[in-house]
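A short worksheet on the structure shown next.
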Amino acid sequence: MIERFDPLKGERLRILDEAGEPRSDLDPGLPDTELRTLYERMARTRAADAKALKLQRQGRLGTYPPSRGHEACQVGLASAMGRDDWFFPYFRDLGMYITLGYPLADYYHLWMGNEAGLRTPDGLNIYPIAIPVGSQIPQAVGAGLAARYRKLPIAVVTTFGDGATSEGDFHEGLNFAGVFRTPNVFFCLNNQFAISVPRTRQTASATIAQKAVAYGFPGVQVDGNDVLAVFAASREALANARIGGGPTLIEAYTYRMGDHTTSDDAARYRSKEEVQEWERKDPLLRFRHYLGKKGLWDEAYEKSVQDEATAFVEDAVAEAEARPVATLEDIFAYTYAVTPPDLAAQLADLKAFAGEGRR
Amino acid sequence: MIERFDPLKGERLRILDEAGEPRSDLDPGLPDTELRTLYERMARTRAADAKALKLQRQGRLGTYPPSRGHEACQVGLASAMGRDDWFFPYFRDLGMYITLGYPLADYYHLWMGNEAGLRTPDGLNIYPIAIPVGSQIPQAVGAGLAARYRKLPIAVVTTFGDGATSEGDFHEGLNFAGVFRTPNVFFCLNNQFAISVPRTRQTASATIAQKAVAYGFPGVQVDGNDVLAVFAASREALANARIGGGPTLIEAYTYRMGDHTTSDDAARYRSKEEVQEWERKDPLLRFRHYLGKKGLWDEAYEKSVQDEATAFVEDAVAEAEARPVATLEDIFAYTYAVTPPDLAAQLADLKAFAGEGRR
Amino acid sequence: MIMTMVQAINQALAQEMERDDRIIVLGEDVGRNGGVFRATEGLFDRFGPDRVMDTPLAESGTIGASIGMTALGLRPVPEIQFMGFIYPAFNQIVSHVARLRNRTRGRFTVPLTLRTPYGAGVKALEHHSESTEALFCQIPGLTVVVPSSPYDAKGLLIASIRSDDPVIFLEPTKLYRAEKQDVPEEPYEVPLRLAAVVREGKDLTIVAWGAMVPVARQAADAAQAEGVGAEIVDLRTLSPMDRETIITSVKKTGRALIVHEAPKTCGLGAEIAATIGESALLSLLGPVMRVTGQDITVPLPKSEDRYYPGPERVLGAIRKLMEV
Amino acid sequence: MIMTMVQAINQALAQEMERDDRIIVLGEDVGRNGGVFRATEGLFDRFGPDRVMDTPLAESGTIGASIGMTALGLRPVPEIQFMGFIYPAFNQIVSHVARLRNRTRGRFTVPLTLRTPYGAGVKALEHHSESTEALFCQIPGLTVVVPSSPYDAKGLLIASIRSDDPVIFLEPTKLYRAEKQDVPEEPYEVPLRLAAVVREGKDLTIVAWGAMVPVARQAADAAQAEGVGAEIVDLRTLSPMDRETIITSVKKTGRALIVHEAPKTCGLGAEIAATIGESALLSLLGPVMRVTGQDITVPLPKSEDRYYPGPERVLGAIRKLMEV
Ligand SMILES: Cc1ncc(C[n+]2csc(CCOP(=O)(O)OP(=O)(O)O)c2C)c(N)n1
Ligand SMILES: Cc1ncc(C[n+]2csc(CCOP(=O)(O)OP(=O)(O)O)c2C)c(N)n1
Ligand SMILES: [Mg+2]
Ligand SMILES: [Mg+2]
């Protein structure tokens with residue numbers, strides 16, 4: 001399916017139009033329960049995101065990059081992944097984490113600035129969030145190389161923004177992937193901004209998908225607010241990767257509905273009208289229309305979904321806030337496999353001044 | 001003309017075939033004297049290159065990267081440049097230096113490992129050789145930005161190898177150039193190898209020229225052993241840059257005839273047959289055929305060209321070898337605009353141990 | 001006018017750009033957005049997009065492009081959004097910015113001023129609290145500057161921009177809005193390569209810079225109450241270092257304490273301690289002490305405060321020093 | 001077997017790869033070409049292209065990919081062709097290699113061994129003589145190792161590859177073929193984090209590593225002729241540093257001299273001098289001295305020898321030290 005949409009011809013893969021009407025030749029044909037699962041994951045993601053913003057305003061959580069508008073990208077991609085696939089995230093991936101089963105309490109913990117939330121639970125193939133933009137991309141390729149070397153039938157996914165495509169690491173990573181035909185799926189959330197810099201000032205290529213031409217593998221642009229399109233493209237790219245078909249670049253065309261982070265004020269650099277226009281393309285709304293047409297959505301269902309999402313989120317907050325802050329020992333414990341004497345001495349010195357607050 | 005050759009369709013711009021037969025619709029129509037100048041520059045380049053290798057074997061010059069096979073690329077490109085254009089070189093650019101009028105003695109001096117050869121003569125717009133691969137590319141773009149800002153009708157040229165296209169700096173530079181439509185000409189000498197790594201293992205894209213698709217400006221592949229093709233493509237790209245038409249990526253398809261450097265042994269990683277095949281495509285030979293057909297070349301002319309080249313080279317060697325090695329003062333003088341006291345003290349200390357050899 | 005450090009920086013940029021049209025500000029979000037700390041606020045409207053350039057998200061590209069601008073006589077002032085994101089540009093800085101003057105025997109110089117927020121204070125994510133100044137202090141050719149007050153920030157930034165050498169100008173995020181000060185309206189230079197004795201004392205010397213200067217002051221005030229007179233040397237230019245001012249002070253007091261945010265091992269404190277040992281050994285009444293960040297990655301915000309030196313740890317060190 | 005350092009390194013790689021199929025060698029020209037110094041010679045033929053990978057020309061990509069390999073349990077041994085070309089990978093090293101264990105509370109570790117030729121000696125172009133080890137010694141989480149003999153090279157490299165921490169393994173180009181030594185055929189480890197007293201003496205302590213160890217030896221032999229007994233501490237692991245061995249030696253001799261190739265300012269010598277000042281001040285008979293490269297860019301080959309410490313400069317320092 002991916003090959004039918006050539007970014008050089010300006011083609012974009014979309015299954016649902018804004019009214020939720022599907023293109024039947026492309027519909028991935030998911031069973032009803034799975035369709036509802038997609039919706040529920042998106043709803044959870046939105047609820048968890050809204051809660052993080054609220055916690056931040058209350059001083060209970062640190063600087064936070066909201067995900068609103070990206071639910072279809074994140075849930076569509078993660079839902080297509082298998083348990084054995086690997087994921088190399090960036091910093092705006094809430095729906096990925098929720099869908100892949102990362103405990104939300106741990107995720108909140110991290111953004112609360114507590115070391116205790118840093119450890120990916122065993123059994124989850126999720127690398128830690130990369131804050132330096134683009135730096136996770138060559139790492140994902142290395143994991144792909146390792147998978148190939150070990151003959152594992154898995155795919156390795158990495159996500160990043162439109163801004164990240166300007167970094168050298170994007171280029172070096174994708175070039176490696178092309179040369180070694182690694183089982184990677186490169187998923188760009190093109191949300192039109194890198195903080196204040198609009199996509200058109202980020203790169204002069206008409207699409208991001210077409211950058212794959214430079215690396216000798218396919219690239220496709222999908223409607224990032226259409227969860228079915230994201231799911232279908234991801235599923236195909238992942239399957240292709242797993243069977244040794246090489247990497248794919250997916251550009252999800254979407255919009256960052258919120259500020260860049262809670263420290264940002266997007267009103268400084270973009271118009272209300274633009275934001276409003278994208279409100280109409282809301283991925284949840286669109287999918288709700290689709291489910292409605294299929295008789296899978298009504299008000300009662302919506303209420304149950306929202307209630308469940310609220311409970312899910314509140315439980316996570318309670319759990320995260322109940323955990324103590326990391327101890328000094330914990331902060332010093334993971335610099336080396338075996339802590340050298342110097343460092344042990346520093347810890348001992350510091351404990352002489354222990355307690356809360358800067359000393 | 002550049003637009004007529006689409007790298008995505010596998011098209012390559014060539015004017016002279018291997019027998020020196022021109023494609024008349026593309027012939028740049030240079031006057032006879034200029035044609036001969038092209039040849040003479042190539043001959044000088046080859047002579048100067050051979051001499052450097054000889055000097056190296058005799059211990060009179062350090063590690064050296066030979067240029068043989070690249071004379072058409074270097075002379076074709078540099079001959080299309082104007083006096084006010086800027087050049088950001090890489091390390092295998094002998095013919096560029098010769099054509100642009102850089103004193104050969106200075107150039108030898110540098111490869112002799114003597115600081116005294118480091119200063120680009122005033123009036124020549126040539127930045128120093130960049131050894132870290134690809135690092136000069138964003139610099140060339142910055143010069144392009146400055147030219148644009150100052151409204152100078154000039155172009156900025158940078159050269160690099162096929163290997164360099166894998167570096168992040170290649171990507172970051174070209175992406176900047178696309179966004180700001182800088183007056184740059186990016187000239188890749190695709191000589192099929194980065195030391196031992198063949199072009200096919202360097203990147204999976206079918207051509208290097210097509211990488212321009214990722215940056216929103218034109219890319220073209222030219223026959224790098226055809227000096228007229230290189231000249232014509234360069235002239236067009238340069239003219240376009242100078243009038244604000246934006247950047248161009250030129251891939252010159254060629255072959256590194258010698259070892260990577262005098263420390264390398266290319267026989268370890270490529271076959272004699274391959275090298276011999278390329279011997280037949282020798283850029284000087286091909287152009288000689290062409291000149292011959294036009295009645296511009298005969299044995300007598302050849303002899304005068306060779307004699308002149310030899311004299312040119314020998315003068316440069318004599319001049320370079322006559323110069324003393326840099327003084328200690330000179331070595332310390334250019335770290336800061338005003339030397340700090342610490343450094344002055346280090347110099348004084350060191351002078352207490354002055355003289356030749358390691359102390 | 002009474003202003004914060006970030007306002008002083010903003011004013012310095014505006015005035016220098018006004019004076020000299022070779023000065024170009026560039027970086028991620030420095031234009032329309034005015035910088036994530038608002039240090040470049042208003043410059044875009046005033047000087048336009050050709051002089052206040054929002055760059056693509058590419059640090060190596062930004063510094064590389066800045067270098068190239070200098071070839072044609074411009075004087076770029078690139079911003080790296082946080083010091084933790086300077087590493088992708090490390091090759092351009094070490095291999096080129098620092099060396100081009102030498103590589104061309106002075107034909108090409110790189111009079112750029114690279115500004116970047118530095119050190120702890122914003123309590124943001126990992127990588128937003130870096131103080132790796134020693135990485136740059138060991139690179140010949142670079143000048144490394146850290147202001148500790150609005151007044152110095154303006155004067156040092158103007159001096160840096162006017163300097164023909166490349167300057168890494170590190171702005172302590174903690175101090176951006178911590179303190180207001182009366183800053184002269186007209187442009188002025190605070191000379192580079194000159195440390196300042198910002199507090200006099202006879203019993204010991206504290207060497208500090210940036211956000212550690214106020215910390216040292218607090219500790220010194222507390223020590224005063226215990227009858228100990230601490231002299232504070234604010235290094236200001238970290239490299240090339242003003243060793244003379246340090247040595248003069250230590251020769252006077254006989255005791256030395258260095259305070260910095262960076263990890264201890266191979267921090268700039270090591271060089272200062274080594275210098276004191278080389279040049280003032282006979283004046284020393286006791287070992288030179290270092291109060292520093294720990295030899296670990298900066299912890300996340302909730303634990304950040306436990307990592308950096310605060311007045312209590314500095315005071316503890318003062319007491320220990322005074323025991324000998 | 002009698003062998004050079006580069007042969008010892010080659011043997012260590014081959015034996016470890018034989019033992020453990022999680023070990024992957026990768027880098028520019030390490031495959032068919034066997035590395036520009038032939039350190040990986042024969043490995044490609046023996047272990048094939050999946051385990052001896054010629055990478056595209058991209059240092060950040062190579063180190064980034066190495067990191068990603070560790071996620072799936074591999075133990076990569078990337079090569080950077082010269083230390084002067086490590087800077088493009090600096091972000092991956094500082095932001096990730098060093099920090100991933102901490103960032104994941106030990107879930108993910110990065111047991112890679114980054115090998116790179118280091119220091120002066122080949123008289124090639126600019127950037128081919130770098131000794132910027134102090135850049136890495138200040139990054140918590142990294143282990144920095146420099147061998148000074150074929151025997152140590154083999155044992156330290158094996159220990160590095162087996163270590164669960166990331167190691168920056170710096171190979172002095174000057175010593176690759178300078179000296180041959182009897183090296184045991186079987187694999188063995190020389191323990192990390194342990195300095196070696198490679199020459200005993202009672203009058204002063206010289207701390208050195210890599211190519212400066214033979215230089216120190218020459219100077220020490222010359223000093224012996226003048227009746228001065230110099231003890232030499234070969235640091236071997238530069239970080240985490242074996243401060244104890246240094247301090248013990250200095251406490252015995254009362255005099256300390258540090259010799260390194262890197263520029264003086266903020267070189268590792270500063271940290272060593274600071275450590276001695278902190279922990280052995282009362283034993284010192286005179287100032288700790290540093291004999292180092294100069295605070296300038298390494299000159300081109302013709303002047304290279306005038307830049308680095310040689311036996312004469314070291315001997316000069318010994319004489320000065322003995323005056324006090
Ligand atoms: C190397 C690096 N440079 C700068 C930053 C600061 N920064 C954080 S997010 C961001 C913009 C990212 O934009 P994009 O890649 O489009 O992702 P988005 O935030 O839109 O999801 C910037 C500049 C960083 N984290 N890392
Ligand atoms: C950043 C960096 N990495 C590695 C090297 C070592 N090196 C020098 S030249 C070279 C290969 C360059 O290949 P290419 O770009 O194709 O240019 P060519 O030598 O073929 O002209 C390498 C790996 C370097 N100089 N810089
Ligand atoms: Mg974005
Ligand atoms: Mg090449």
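Each chain gets a letter, A, B and so on, in the order its sequence line appears, and its residues count up from 1. Values in this document were obtained by computation on a predicted structure and should not be read as measured data.
- Side-chain atoms of B:Ser166 come within 3.5 Å of backbone N or O of B:Gln202 as a donor-acceptor pair.
- Contacts between B:Ile131 and chain C at a heavy-atom distance below 4.5 Å are absent for every atom of the residue.
- Contacts of C:Thr70 with chain B are made by side-chain atoms alone, with heavy-atom separations under 4.5 Å and no backbone atom involved.
- Between chain B and the options C:Gly106, C:Gly68, C:Gly73, C:Ser95, heavy-atom pairs under 4.5 Å are most frequent for C:Gly68.
- Only the side chain of B:Ile154 has a heavy atom closer than 4.5 Å to any heavy atom of chain C.
- Of the N and O atoms on the side chains of B:Arg119 and B:His109, not one donor lies less than 3.5 Å from an acceptor on the other residue.
- Cation-pi geometry between C:Arg193 and B:Tyr336 is satisfied (NZ or CZ under 6.0 Å from the ring centre, within 45° of the ring normal).
- For chain C, no part of B:Val156 is nearby; none of its heavy atoms comes within less than 4.5 Å.
- Of the two parts of C:Leu100, only the side chain, counted from C-beta on, holds a non-hydrogen atom closer than 4.5 Å to a non-hydrogen atom of chain B.
- If you measure heavy-atom distances from C:Asp242 to chain B, you find no contacts under 4.5 Å at all.
- Listed here is the closest heavy atom pair of B:Gly173 and B:Ile137: CA-CG2, 4.3 Å.
- Only the backbone of B:Ile331 has a heavy atom closer than 4.5 Å to any heavy atom of chain C.
- Residue B:Thr158: no heavy atom, backbone or side chain, is found under 4.5 Å from chain C.
- Looking only at heavy-atom pairs under 4.5 Å with chain C, the residue among B:Pro132, B:Gly117, B:Ala116, B:Ser135 that has the most is B:Ser135.
- Both the backbone and the side chain of B:Tyr127 come within contact range of chain C, with heavy atoms under 4.5 Å apart.
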**C:Arg75 vs C:Asp164, salt bridge (charged side-chain N to carboxylate O under 4.0 Å, His left out): CA-CA, chis, key distance, verdict** = CA-CA 9 Å; C:Arg75 301 179 77 91; C:Asp164 285 335; 3.1 Å; yes
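- Using a 4.5 Å cut-off between heavy atoms, C:Leu192 makes no contact with chain B at all.
- Although no hydrogens or angles enter the test, the distance criterion places a donor-acceptor pair under 3.5 Å between the side chain of B:Asp85 and the main chain of B:Ala155.
- Side-chain contact of B:Gln139 with C:Gln92: a donor-acceptor pair under 3.5 Å is present, judged by distance alone.
- In this structure, a donor-acceptor pair under 3.5 Å is present between the side chains of C:His96 and C:Arg103.
- Proximity to chain B involves both the backbone and the side chain of C:Ser60, based on heavy atoms less than 4.5 angstrom apart.
- Interface summary for chain C: among B:Val141, B:Asp330, B:Asn125, the most heavy-atom pairs under 4.5 angstrom belong to B:Asp330.
- When heavy atoms are compared at a cutoff of 4.5 Å, C:Asn91 approaches chain B solely by way of its side chain, counted from C-beta outward.
- Each of B:Tyr102, B:Tyr90, B:Tyr108, B:Trp111 was scored for a ring pair (Phe, Tyr, Trp, His ring centres under 6.0 Å) with B:Tyr97, with one residue passing: B:Tyr102.
- For the set C:Arg101, C:Arg22, C:Arg99, the count of heavy-atom pairs under 4.5 angstrom toward chain B peaks at C:Arg101.
- For the set B:Leu110, B:Asp169, B:Leu145, the count of heavy-atom pairs under 4.5 angstrom toward chain C peaks at B:Asp169.
- Donor-acceptor pairing under 3.5 Å is recorded for the side chains of B:Asp93 and B:Thr159.
- When heavy atoms are compared at a cutoff of 4.5 Å, C:Glu59 approaches chain B solely by way of its backbone atoms N, CA, C and O.
- Judged by distance alone, the side chain of B:Thr261 and the main-chain N or O of B:Tyr64 form no donor-acceptor pair under 3.5 Å.
- Under a 4.0 Å N-O distance rule, the pair C:Glu244/C:Lys251 does not qualify as a salt bridge.
- For B:Ala147, the parts sitting under 4.5 Å from any heavy atom of chain C are the backbone and the side chain alike.
- When C:Leu26, C:Ile63, C:Thr109, C:Leu72 are compared by the number of non-hydrogen pairs under 4.5 Å with chain B, C:Leu72 comes out ahead.
- The most heavy-atom pairs under 4.5 Å with chain C, out of B:Leu343, B:Val338, B:Leu152, come from B:Val338.
- Side-chain atoms of C:Asp29 do not come within 3.5 Å of backbone N or O of C:Val36 as any donor-acceptor pair.
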